[in-house]
Student: 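This is the structure, below, for whatever I ask next.
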Amino acid sequence: MPQYSLLCGVFRFINFRLRRKRPLSKMAAPELQAVLEQLLEPDNAVIQQATARLREAFADPRTPERLAEIVVGAARPQLRQLAAVLLRRRLSGGRWRHLDPELRLRLPSLLAEALEKETDRSVLPSLSHVGAVLLRRGGAEAWAPMGQWVQRAARDPHLQERALQVLSAALEDPPPSLTPHCRPIAELCRGGLQPGTPPHSTAYALKALGGLAAALGGTQTDLLRSLLPDVLRALQALIDADEELGAAALEVLDEFVAADPKAVTFDLRPVLDLCLQVLNALALGVPAEKLLREMVPRLEPLLGSPEPWGRKGALLALGAAADGCGELLRRRYMGAVLGALRRGLRDPEGAVRGAAASALRSVGEYMQPEAAALALEALPAALEALPVSLEPLPGCPEALPGSPEVLPGARSWFVLRELLAVAGAAVAPQLGAVLGALLGVLERGRPHEMELALSALHELGGAVEDFPLCPPGGAVEAALLAVLRLPDPPHRAVRLQAMEVLGALGGGAAALEAVLEMAADGDGEERRVLFGLCGAAAEALREGVEPMLPRLLPLLLHSLQAPPPAASPAASDSFLLFDAAEDEEGAEPMGDEEEELVAVEVGGDFVAEVEAACEGAGLMAEHCGAAFEPYFCPTLEALLPLLEFPHPDVRSAAYGALGGLSCGAGNAVGQQELQGRALTALLGAVRAEKGAGPARAGLTALSRALSPALSPQLLHAIGCLMADVINGQIRCLQDDDGSDEEEVEAAAELRELAGEGLAAVGGASPGGGALSDSFRRALPTLLGCLNGDAAQRSWAAAILGEAGAHLERGVASELLPLIGPALARSSAHDPDPEVRSNALCSIGRLAANGVALGAAWPGLAAIGRALREEGRGRGRDNACGALVRHKGALPDAELLALLLPALPLTEDFEENSAVFGYLLQLQPEQLLPHAEEMPRVCSAIGTGSGDTDLEAAVVGLLQELWRRCPTDVGRGMERLPHSDSVRLRRAMGLDDAAAMTPSTVQ
């Protein structure tokens, strides 16, 4: 059964002066184990009591030995993991030297015993880090017994992975004492690189070699050079066996290059060949023209290579390049790319077919509908290739839960899933064949094959989301319900997965009823899956779930019951495990008031259950309508305590649930007061939130809950919160010192969300009145960001228009003289094309506000400059959209003279609605002088880049111009590329001859 991780508590370090004495408390191993068990209870009061007792136990110098005994002998894996984490902390810093010498000698033996006995994979990383501490801190006396165990275990196939895991952890920060052992260590690692080594052992060996290279620097060039061929061969094998592990292990090459470039550069070709799978970073950072000019000649011979790894690498490179080069690949190389993918999907080697399917999914975004057609072409062969055994094979036992080995035939199932994702709704003609294969496996397959079939069914559901794959009473629902009735425990994992697929596909009342029966007597994991299905069923059935609510809501509300709130930070015994002053020998003692928060991760599924319950509650409250009205109040009361829950994921889920509940209450009769309570609580929680992740969830929930029906006071409060986030005036942004790159990224993401929320407040506020104060509050920061880095400039240029477009007219007249010149400068002089295009888009949005712009408004001058100087692309497209939003500021004849030469749009097709909306409101007589230009203007018709109704109206306009000026329109069509001309004639209902034969009437 899979283990789910939770942050069972936030342990608070309270620092005491070194002179303060503690009473000595001797606690035997069984008593200490009981204390640790209390720390795993989801009850803050119990955790605090256990923490106080643990603090006393840490005064006893024998506690590390007793922790080691628990690591060896405890039955519960969560206990062994927590004991290992605590033991590592008690050995850190200068504590090792103060341990009893006899204990120092015994600990390595105890740890080796634990490493050999451990049966739960989730505990091994914690044990490995303890071993790493012994190797790093213990010096010669620890290296002898621990190092001997590592050397012995690394040669034992059953223990090799654990030994290499310890070694890789120790080499993350290797001490000088390990350097003399560099050659024996290298040979141990080389053993983990040999063919046939399990993937995880290879991954740890590569990680250890990366750490060893960093420690050696340029002092052992010959040693590193001798290792490189084995490293490259092992990387290739690891990527073939497990692409995720292989991608992470590529970091060893970074370490080799950083430590000693001479060890790598003597023969670059094999390194470059391998690195063709890491092209996505280059594709995003190098101009597409330059990258493809260098890359394509190198890929062509590899695509025809007799070696499977060469063909696979080239196909993966094509997929990686799509991230930054997709548009250019479509325009210039589409035929060649699709041809290479077609050959790859027919390749006799499964690894090559898998690479082709992965690459097709990557490029498919840019090559539709051609990519979907290729996926459909390959689908029958993919179905035939599925290695399905409808009866258990003799001598081939089922894989154990948690086994890292790749399941037989998993690659063929991967190909099928990728093809389904690319085909999308176009798979409909072959849906019967696909479902027949998948449902046949669910009926008669082995458990691991059923898991793979369920994954494919899940992918199929996402691909055909436009029509129901799992209608109530249908074959899919019946097959999934049959899986739920399989015996437990051999099919437990499959049953849980089937429950999740039912939720993803929107199972009906029968599915919800079946899962409800299972979860009523099940454990937290089954309840977690039930709550996920509840949300999907609520979206699909809405008030149809009412008959099940009396049984469902008690389960859900029970799971929402949180432990008592955490004690005040001032409490001296709350969550104390260690004294920070003891971490390093000779460290200066810190004041009692200073503290540090750390998280210790242990196993369990409590948090996952509460998260799922929050999500289910929010979706049901939002979608069940009047059926949920009796439950609004108890659900709100259950959610409010979770806003202070220690685990950030629970707080995030609770914020999202409050947003859903607010949406549902806003649509219900007589629930506006409750909606106000929910939103007020959410506003306060986001302001006080100390984590960027939960704050992000809270802002998203508030934006979802916005509607014109909210009171002006609530709209104003939400707008002011959004402005305060933009200004960095909420807790999680004030606590951020800006020194950590992740914190900077999180703050930027919060500000982006707040900018969108500010614009949404304007959209929900009749006349923009509720937006005025908050926009004024945010404006200095927004204008200041126009002088920040590229990301800040781009965001500010966009938000000024998105939010400013909703300002009430009096405020707009006051503020536009400040905003307009700043945007005009950005549109003209910013070196980043995205900033210029966003500024132009905002100039258009502000002009559409309806305010009299005045002679000083710089928008038209900025647009004119852009139309003259910007090349084809998003900037020119946004200038076209901005120009038509200035209608009335110029005579139509002058506006058309500026607009038509810049068309058609080439990137930002959303501007078509504004551009063609303007053209369609003109009289046909106004367009007759431009009839020859109009086929070019409309040449994107039929490519799928525009709204269907809008395209139909534009086709009608072209047909009218054809009737009036067939010669001019015909000449315009002649100038188009042949494919565009054929597509346009087809859309207009003209054959080739008629299109090219002008009427004598002009």
Student: Does the Arg793 side chain pair with the main chain of Asn787, one donor and one acceptor, at a distance under 3.5 Å?
Tutor: no
Student: Is any side-chain heavy atom of Leu786 closer than 4.5 Å to a side-chain heavy atom of Leu800?
Tutor: yes
Student: Side chain of Asp877, backbone of Phe909: donor and acceptor closer than 3.5 Å?
Tutor: no
Student: Do the side-chain N and O atoms of Gln713 and His716 include a donor-acceptor pair separated by under 3.5 angstrom?
Tutor: no
Student: Should the pair Arg876-Glu907 be classified as a salt bridge under the 4.0 Å nitrogen-to-oxygen rule?
Tutor: no
Student: Quick one: are Leu753 and Val725 in side-chain contact, heavy atoms under 4.5 Å?
Tutor: no
Student: Show, in sequence, the C-alpha distance, side-chain angles and deciding distance for Glu910 and Arg874, and conclude whether the salt bridge (charged side-chain N to carboxylate O under 4.0 Å, His left out) test is met.
Tutor: CA-CA 11 Å; Glu910 291 183 7; Arg874 188 172 299 273; over 6 Å; no
Student: How long is the gap from CG on Leu807 to CZ on Phe775, to the nearest 0.5 Å?
Tutor: 5.0 Å
Student: Any salt bridge linking Arg836 with Asp830? Criterion: basic side-chain nitrogen under 4.0 Å from a carboxylate oxygen.
Tutor: no
Student: I'd like to know if the side chain of Gln926 and the backbone of Gln923 have a donor-acceptor N/O pair within less than 3.5 Å.
Tutor: yes
Student: With side-chain contact (heavy atoms from CB on, under 4.5 Å) as the test, would you mind laying out the steps for Leu329 and Met367 before giving the verdict?
Tutor: CA-CA 9 Å; Leu329 283 173; Met367 297 187 181; 3.8 Å; yes
Student: Using modelled atom types and a 3.5 Å cut-off, is there a donor and acceptor pairing between side-chain atoms of Ser794 and backbone atoms of Ala791?
Tutor: no
Student: For Tyr918, is there any backbone N or O sitting under 3.5 Å from a side-chain donor or acceptor partner on Gln921?
Tutor: yes
Student: Can a donor-acceptor pair be found, under 3.5 Å and without considering hydrogens, that links the side chain of Ser765 to the backbone of Val761?
Tutor: no
Student: Which heavy atom of Asn727 sits nearest a heavy atom of Ala778, and at what distance?
Tutor: OD1-CA, 4.0 Å
Student: Should Leu679 and Ser662 count as side-chain neighbours, where that means a heavy-atom distance under 4.5 Å?
Tutor: yes
Student: Please name the pair of heavy atoms, one in Val954 and one in Cys938, separated by the smallest distance, quoted to 0.1 Å.
Tutor: CG1-SG, 3.5 Å
Student: Just one of Leu643, Leu639, Leu699, Leu702 clears the side-chain contact (heavy atoms from CB on, under 4.5 Å) bar with Tyr655, so which one?
Tutor: Leu643
Student: For residues Ser772 and Glu808, report the shortest heavy-atom separation together with the two atoms involved.
Tutor: OG-OE2, 3.0 Å
Student: Set out, in order, the CA-CA distance, both residues' side-chain angles and the distance that settles side-chain contact (heavy atoms from CB on, under 4.5 Å) for Arg776 and Leu815, then state yes or no.
Tutor: CA-CA 8 Å; Arg776 276 198 183 95; Leu815 298 181; 4.3 Å; yes
Student: Decide, yes or no, whether a salt bridge links Lys887 with Asp892 under the criterion of side-chain N to carboxylate O below 4.0 Å.
Tutor: no
Student: At what distance, to the nearest 0.5 angstrom, does CG of Leu715 lie from CG of Leu771?
Tutor: 10.0 Å
Student: State the CZ-CD distance between Arg677 and Gln672, to the nearest 0.5 angstrom.
Tutor: 14.5 Å
Student: Within the supplied structure, the quantity of interest is the number of heavy atoms (other residues, nucleotides, ligands) at a distance under 6.0 Å from Glu673 CD; does it exceed 12?
Tutor: no
Student: Just by distance, do the side chain of Asp832 and the backbone of Glu834 share a donor-acceptor pair under 3.5 Å?
Tutor: yes
Student: Within the 4.5 Å heavy-atom criterion, are Ser703 and Met722 side-chain neighbours or not?
Tutor: yes
Student: Checking side-chain contact (heavy atoms from CB on, under 4.5 Å) for the pair Leu840/Leu823: CA distance, chi angles, key distance, verdict?
Tutor: CA-CA 7 Å; Leu840 288 163; Leu823 288 174; over 6 Å; no
Student: So, Gln671 side chain and Ala668 main chain: donor-acceptor pair closer than 3.5 Å or not?
Tutor: no
Student: Ser842 and Glu802: side-chain hydrogen bond (donor to acceptor under 3.5 Å, both in side chains), yes or no, with the steps?
Tutor: CA-CA 7 Å; Ser842 287; Glu802 290 177 14; over 6 Å; no
Student: Of all the heavy-atom pairs spanning Leu733 and Arg751, show the shortest one and how long it is.
Tutor: CD1-NH2, 4.4 Å
Student: Which atom names give the shortest non-hydrogen contact between Leu867 and Ala902, and what distance separates them?
Tutor: CD2-CB, 3.8 Å
Student: Could you state the interatomic distance from OG (Ser652) to CD (Glu615), rounded to the nearest 0.5 Å?
Tutor: 12.0 Å
Student: Atom CG of Leu860 and atom CG of Leu890: how far apart are they, to the nearest 0.5 Å?
Tutor: 5.0 Å
Student: So, do Ile726 and Trp795 sit near enough that their side-chain heavy atoms are less than 4.5 Å apart?
Tutor: yes
Student: Given Cys785 and Leu782, is the side-chain contact (heavy atoms from CB on, under 4.5 Å) satisfied, shown in steps?
Tutor: CA-CA 5 Å; Cys785 284; Leu782 292 170; 5.8 Å; no
Student: Does a side-chain heavy-atom distance below 4.5 Å link Val884 with Leu919?
Tutor: no
Student: Answer yes or no: are there more than 12 heavy-atom neighbours, outside Glu911 itself, under 6.0 Å from its atom CD?
Tutor: yes
Student: Between Arg983 and Asp980, is the closest basic N to carboxylate O distance under 4.0 Å?
Tutor: yes
Student: Nearest 0.5 Å please: distance from the CG atom of Leu898 over to the CG atom of Leu883.
Tutor: 6.0 Å
Student: Compare all side-chain heavy atoms of Ser837 with those of Asp908 and state whether any distance is below 4.5 angstrom.
Tutor: no
Student: At their closest point, which heavy atom of Pro766 faces which heavy atom of Ala764, and how far apart are they?
Tutor: CD-O, 3.4 Å
Student: Under a 4.0 Å N-O cut-off, is there an ion pair linking Glu622 with Arg704?
Tutor: yes
Student: Determine, stepwise, if the pair Glu689 / Arg731 fulfils salt bridge (charged side-chain N to carboxylate O under 4.0 Å, His left out).
Tutor: CA-CA 6 Å; Glu689 176 57 55; Arg731 179 181 175 183; over 6 Å; no
Student: Taking the side chain as every heavy atom from C-beta outward, state whether Arg885 and Ile843 have any atom pair closer than 4.5 Å.
Tutor: no
